[in-house]
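Presented below is the structure to which this report refers.
The figures here come from the full heavy-atom set of this structure, side chains too, leaving out hydrogens, waters and symmetry mates.
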Amino acid sequence: MTLPEVQNAINEKKICILIPTYNNEKTLKRVIDGVLDYTENIIAVNDGSTDSTSGILAQYPQITVISLPENNGKGNGLKTGFRKAKELGYYYAITIDSDGQHYPDDIPVFVEAMIQEKEEVLLIGNRNMSQDGIPKKSSFGNRFSNFWFWFETGIKLEDTQSGYRLYPLLKIPKKYFTPKFEFEIEIIVRTAWRHVPVKNVPIKVLYDPSERVSHFRPFKDFTRISILNTILVTITLLYIIPRNFVNNFKKKSFKKFIREDVLESDGSNRTKAFSIALGVFIGFSPFWGFHTLLVISLAVLFKLNKVLAFVASNVSLPPLIPFVIAASLFLGSPFVHGDSNILSGELNFELIKNNLLQYVIGSAILATSMSAICGIATFLFLNKLNPENE
């Protein structure tokens with residue numbers, strides 16, 4: 001796109017450039033001047049800076065400046081900027097860091113990519129983290145973040161930590177729970193949960209130790225990020241995945257759901273058979289209350305079919321629990337000295353408590369044997385139904 005085309009597109013699509021800043025007096029002016037080559041739709045959030053930031057921003061009367069009395073974190077600055085952008089009628093915000101690592105001349109990359117999309121999308125700049133000068137801790141942190149983002153959303157990205165992004169303001173969540181660096185993880189995960197595509201676009205990056213001022217606190221911020229990911233993973237396993245499963249089921253007829261989401265889903269017949277085997281094993285295992293969490297976690301870990309594994313794990317639905325308990329106690333009785341007539345009593349959890357070892361051994365035998373039987377049967381059935389997959 002030519003410069004006039006980019007400028008017109010920014011105005012027509014109602015895009016603003018959001019610059020959160022905190023004590024970046026060495027690079028802030030260069031960043032603003034670079035952005036002004038493309039637009040004056042700029043919102044700068046001075047997050048309680050104690051250097052000459054206020055004086056620098058005063059030199060630009062054509063831009064919108066928000067000055068916060070004290071520093072409350074990048075996430076808080078971004079949230080403040082988003083609210084102001086929506087008040088001013090903008091539909092999109094391109095965020096660019098003020099520490100000089102981002103090149104304003106990559107703005108057209110975001111604008112053009114957004115225009116080419118057929119639906120609302122959140123774009124994240126993809127930095128070349130393997131280039132010379134990139135700190136190893138930054139590269140590791142990015143890989144760490146990429147993995148957990150994939151786990152929580154199913155979306156594979158090469159860069160999830162870049163602050164150079166384009167946000168669809170009307171599609172992102174309205175309320176957030178994190179105020180600092182971890183906010184940039186929360187917002188992309190929760191936006192993806194709202195079924196908004198999240199994609200990378202290629203950008204340049206500059207790491208100049210003599211200019212760049214990083215406010216990232218390795219121990220404190222990494223701990224906050226780890227806690228956030230723990231919460232997001234828990235929500236993913238207990239709510240998001242079951243929600244998506246139910247929604248897919250509701251949108252389709254039973255036959256279409258089985259055909260598209262199960263039989264024709266990704267993975268070979270062997271993978272699907274292992275998925276069934278895993279689900280049955282967990283379903284018959286003695287981890288009551290944790291079946292869903294375990295089966296989804298293991299299916300993700302071993303790259304199996306989550307739908308099949310989840311469905312198969314329901315072999316121990318409440319009406320079937322007495323039979324599972326009875327079978328487990330019966331199979332475990334030869335390995336434990338005790339009352340041989342144990343099954344003549346009432347089948348309940350008190351019985352399990354009093355004969356725990358017998359139950360654990362029996363349930364392990366039951367889970368293993370039924371898992372093997374169901375896995376083999378599934379493989380033979382699928383291979384006969386659709387042999388070309390093997």
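Rounded to the nearest 0.5 angstrom, Ile276 CD1 and Leu308 CG are separated by 4.5 Å. If you take CZ on Arg224 and OG1 on Thr178, they are separated by 8.0 Å, rounding to the nearest 0.5 Å. Rounding to the nearest 0.5 angstrom, the gap separating the OG atom in Ser52 from the NZ atom in Lys29 is 11.5 Å. From Lys199, atom NZ reaches atom CE of Met114 across 13.0 Å, with rounding to the nearest 0.5 Å. Within the model, atoms OH of Tyr90 and CG of Leu170 stand 14.0 Å from one another, a figure rounded to the nearest 0.5 Å. The distance from the CG atom of Leu366 to the OG atom of Ser285 is 10.0 Å, given to the nearest 0.5 Å.
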**Q.** Verdict with supporting geometry, Tyr91 and Leu169, side-chain contact (heavy atoms from CB on, under 4.5 Å)
**A.** CA-CA 5 Å; Tyr91 294 162; Leu169 295 174; 5.8 Å; no

Q) Given Thr64 and Leu88, is the side-chain contact (heavy atoms from CB on, under 4.5 Å) satisfied, shown in steps? A) CA-CA 10 Å; Thr64 300; Leu88 296 175; 4.0 Å; yes

Q) How far apart are the C-alpha atoms of Ile17 and Ile43, what are their side-chain angles, what is the distance that settles it, and do they pass the side-chain contact (heavy atoms from CB on, under 4.5 Å) test? A) CA-CA 6 Å; Ile17 312 299; Ile43 300 175; over 6 Å; no

Q) Checking ring-ring contact (aromatic ring centres under 6.0 Å, His included) for the pair Phe379/Phe274: CA distance, chi angles, key distance, verdict? A) CA-CA 8 Å; Phe379 176 75; Phe274 274 118; 8.8 Å; no

(Q) Go through it in stages, so that I can follow the logic: the residues are Ile32 and Ile19, the test is side-chain contact (heavy atoms from CB on, under 4.5 Å), and I'd like the CA-CA distance, side-chain angles, deciding distance and then a yes or no. (A) CA-CA 8 Å; Ile32 295 176; Ile19 308 175; 4.1 Å; yes

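Annotation: cation-pi pair Lys204/Tyr103 present, NZ/CZ under 6.0 Å from the ring centroid and within 45° of its normal.
Shortest non-hydrogen contact noted between Thr153 and Ala192 is CG2-CB, 3.7 Å. Closest approach of Phe149 to Ile155, counting heavy atoms only: CD2-O, 3.5 Å. Scanning all heavy atoms of the two residues, the minimum distance from Ala9 to Met1 falls at CB-CE, 4.0 Å. Shown here for Ser98 and Thr21, the closest heavy-atom pair between the two residues is OG-OG1, 3.0 Å. Scanning both residues, Asp37 and Gln7, for their nearest heavy atoms gives O-NE2, 3.2 Å. Closest heavy-atom contact between Val280 and Val315: O-CG2, 4.2 Å.
Surrounding CZ of Phe147 are more than 12 heavy atoms belonging to other residues, nucleotides or ligands, all under 6.0 Å away. Crowding of Lys86 atom NZ: a count of heavy atoms from other residues, nucleotides or ligands under 6.0 Å exceeding 12.
Ring centroid separation for the pair Phe82 and Tyr167 comes in under the 6.0 Å cut-off. Here Phe183 and Phe177 keep their ring centres 6.0 angstrom or further from each other.
Side-chain atoms of Asn247 and Arg243, non-hydrogen and from C-beta on, do get closer than 4.5 Å to each other.
With hydrogens and angles disregarded, a donor-acceptor distance shorter than 3.5 Å links the side chain of Ser268 to the backbone of Thr271. Between the side chain of Glu5 and the backbone N or O of Thr2 there is at least one donor-acceptor pair closer than 3.5 Å. Between the side chain of Ser162 and the backbone N or O of Asp159, no donor-acceptor pair lies under 3.5 Å. Glu40 places no side-chain N or O within 3.5 Å of a backbone atom of Gln62 that could act as its donor or acceptor partner. Trp193 places a side-chain N or O within 3.5 Å of a backbone atom of Glu152 that can act as its donor or acceptor partner. Proximity of a side-chain donor or acceptor of Asp99 to a complementary backbone N or O of Gln101 within less than 3.5 Å is detected. Remark: the backbone N or O of Thr27 is not paired with any side-chain donor or acceptor of Asn24 at under 3.5 angstrom. With hydrogens and angles disregarded, no donor-acceptor distance shorter than 3.5 Å links the side chain of Asp105 to the backbone of Val35. No donor-acceptor pair under 3.5 Å is formed between the side chain of Glu182 and the backbone N or O of Thr223. Not a single donor-acceptor pair under 3.5 Å links the side chain of His102 to the backbone N or O of Ile96.
Using modelled atom types, one finds no donor on one side chain facing an acceptor on the other under 3.5 Å when comparing Thr53 with Glu25. Side chain to side chain, Asn46 and Ser49 meet the donor-acceptor criterion of an N or O pair below 3.5 Å. Under the 3.5 Å distance criterion, with hydrogens and angles disregarded, no donor-acceptor pair is assigned to the side chains of Asn200 and Glu158. Using modelled atom types and a 3.5 Å distance limit, the side chains of Asn72 and Asp47 yield no donor-acceptor pair. For the 3.5 Å distance criterion, the side chains of Ser328 and Ser363 fail to qualify, holding no donor opposite an acceptor. Thr160 and Asn146 share a donor-acceptor pair across their side chains, judged by distance under 3.5 Å alone. Between the side chains of Asp33 and Tyr60, at least one donor N or O lies within less than 3.5 Å of an accepting N or O.
Under a hydrophobic-cluster definition in which Ile, Leu, Val, Met, Phe, Trp and Tyr are linked whenever side-chain heavy atoms come within less than 4.5 Å, directly or via other members, Ile172 and Ile94 are assigned to different clusters.
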